[in-house]
Amino acid sequence: MMDEKILQLLRESPSDFLSGEEISRRLKVSRTAIWKGMNRLRTQGYEIEASTRSGYRLIRSPDLLTPSEIKPILKTKWMGKTVHHFHSLDSTNSKAYQLALNGAKEGEVVIAESQEKGRGRMGRQWFSPPFLNLYLSIILRPKISPHQASLITLMAAIAAADAIQKFSGLLPLIKWPNDILLRDRKVAGLLNEIHSEMDRIHFVILGIGVNRNLDEKMFSKEIRAVATSLKTEMGQAISRKAFLRILLQELEKWYTIFMKEGSAIILKAWRDRAHIKGRRVKVTSFGEKLIGIAVDVDSDGALILETAGGKRKRVVAGDVEYRSQR
Ligand code: BT5
């Protein structure tokens, strides 16, 4: 908190030095406490010029995702107005779940610079090294029935794909249910967790991981074959803050559309992005393997598959592998 307040003061006078005395008077703490705060900020990557006569001046900020870095650039109306930032967490989804149980509001966001136990679906892991990527969870309290909860994943996939396209100019594809691909490799993944009764959702935790400045060689061999990052695809390092700003804007926009106008518009946008219709796929669902042609997504987000003999099957959860290009 104290470091955030120091930063706020330094930002208020970007070109002038601010004396230690002035800062200590305004924050009502000792000069030594200010000096310690400056050192802590420097270890986080803030470049702060210090002059014994004039005081302190902020030269450059690191690409951190702290509230004080994010708030000035956010363009959303309500999403991300409260950001809970951590240097390290087990999983942003677990933290957001706890916060939501304790009454956190819709739109509150949890961000971590790294995750010790980043989670994928079905007990899988999400590789989450520090500072390079985005690990984010958003608390949502949608007024929809629990059987429509999968549509939140589809909605978020559209928003993430739109954000990536706006930011990079590249054309991402969505792979059912929760992958965002660039050149057929996963650049982002979504993990939705819901807390509900039979007919009412208490909250949804929308977890998003986006690989941004990760180099290919940092992935393990196994993941390297299926994953990529924005940096790899764009050929240059990117500002995480700038991307986060667009991502939250797109999420707020698509979630609002979904809540106001219902599922049809979400399903249409999803179909336009997924290009899944008519593709030969192998689906693994609850241990069962199915091969067939993807026909569509159903109104609740389930995948409709036509298997051999023309039989139609609905798949509510699982993994898809594309068998050949259309
Ligand atoms: C996902 O699971 O794609 C969901 C990923 C969600 C991660 C976010 S980060 C913020 C929030 N907090 C969390 O704890 N999680 C969410 P799934 O479809 O099960 O894919 C997992 C598989 O993707 C793994 O088994 C790997 O093969 C691969 N993988 C792991 N880390 C990856 C990475 N960083 N980039 C691309 N692929 C990865």
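In each ligand, atom 1 is the first atom listed, and ligand 1 is the first ligand listed.
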Students often mix this up, so state it plainly: with edges at 30° and 60°, are the rings of His202 and His195 parallel, tilted or perpendicular?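 Because their plane-to-plane angle lies in the 30° to 60° range, the rings of His202 and His195 count as tilted.
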List, pair by pair, the atoms of ligand 1 and of the protein that are both N or O and lie under 3.5 Å apart, giving the separation rounded to 0.1 Å.
unit_1   : atom_1 : unit_2 : atom_2 : d
ligand 1 : 2 (O)  : Arg121 : N      : 3.2
ligand 1 : 3 (O)  : Asn178 : ND2    : 3.4
ligand 1 : 3 (O)  : Lys186 : NZ     : 2.7
ligand 1 : 12 (N) : Thr92  : OG1    : 2.9
ligand 1 : 12 (N) : Gln115 : OE1    : 3.0
ligand 1 : 14 (O) : Ser91  : OG     : 2.7
ligand 1 : 14 (O) : Gln115 : OE1    : 3.4
ligand 1 : 14 (O) : Arg119 : N      : 2.8
ligand 1 : 15 (N) : Arg119 : O      : 2.8
ligand 1 : 18 (O) : Arg121 : NE     : 3.2
ligand 1 : 18 (O) : Arg121 : NH2    : 3.2
ligand 1 : 18 (O) : Asn178 : ND2    : 3.2
ligand 1 : 18 (O) : Lys186 : NZ     : 3.2
ligand 1 : 19 (O) : Arg121 : N      : 2.8
ligand 1 : 19 (O) : Arg124 : NE     : 2.8
ligand 1 : 19 (O) : Arg124 : NH2    : 2.8
ligand 1 : 20 (O) : Lys186 : NZ     : 3.1
ligand 1 : 31 (N) : Phe127 : N      : 2.9
ligand 1 : 34 (N) : Phe127 : O      : 3.2
ligand 1 : 34 (N) : Asn211 : OD1    : 3.2
ligand 1 : 35 (N) : Asn211 : ND2    : 2.7

If you draw the axis of the six-membered ring of Phe203, does the NZ or CZ of Arg141 fall within 45° of it and under 6.0 Å from the ring centre?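 So Arg141 doesn't make the cation-pi contact.
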Determine which pairs satisfy salt bridge (Lys or Arg N to Asp or Glu O under 4.0 Å) with at least one residue from residues 146-165, sequence neighbours left out, and list them in order.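 Every salt bridge (Lys or Arg N to Asp or Glu O under 4.0 Å) pair that includes a residue of residues 146-165, provided the two are not neighbours, is Asp162-Arg273.
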May I ask you to list the residues sharing a hydrophobic cluster with Leu10, side-chain cutoff 4.5 Å, ordered by chain and number?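 Leu10 clusters with Met2, Ile6, Leu7, Leu9, Leu18, Ile23, Leu27, Val29, Ile34, Trp35, Met38, Leu41, Tyr46, Ile48, Tyr56, Leu58, Leu64, Phe131.
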Same apolar cluster: Leu74 and Leu140, side chain cutoff 4.5 Å: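 Same cluster.
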Results of ring-ring contact (aromatic ring centres under 6.0 Å, His included) for Tyr135 - residues two or more places apart only: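 Tyr135 satisfies ring-ring contact (aromatic ring centres under 6.0 Å, His included) with no residue once adjacent residues are dropped.
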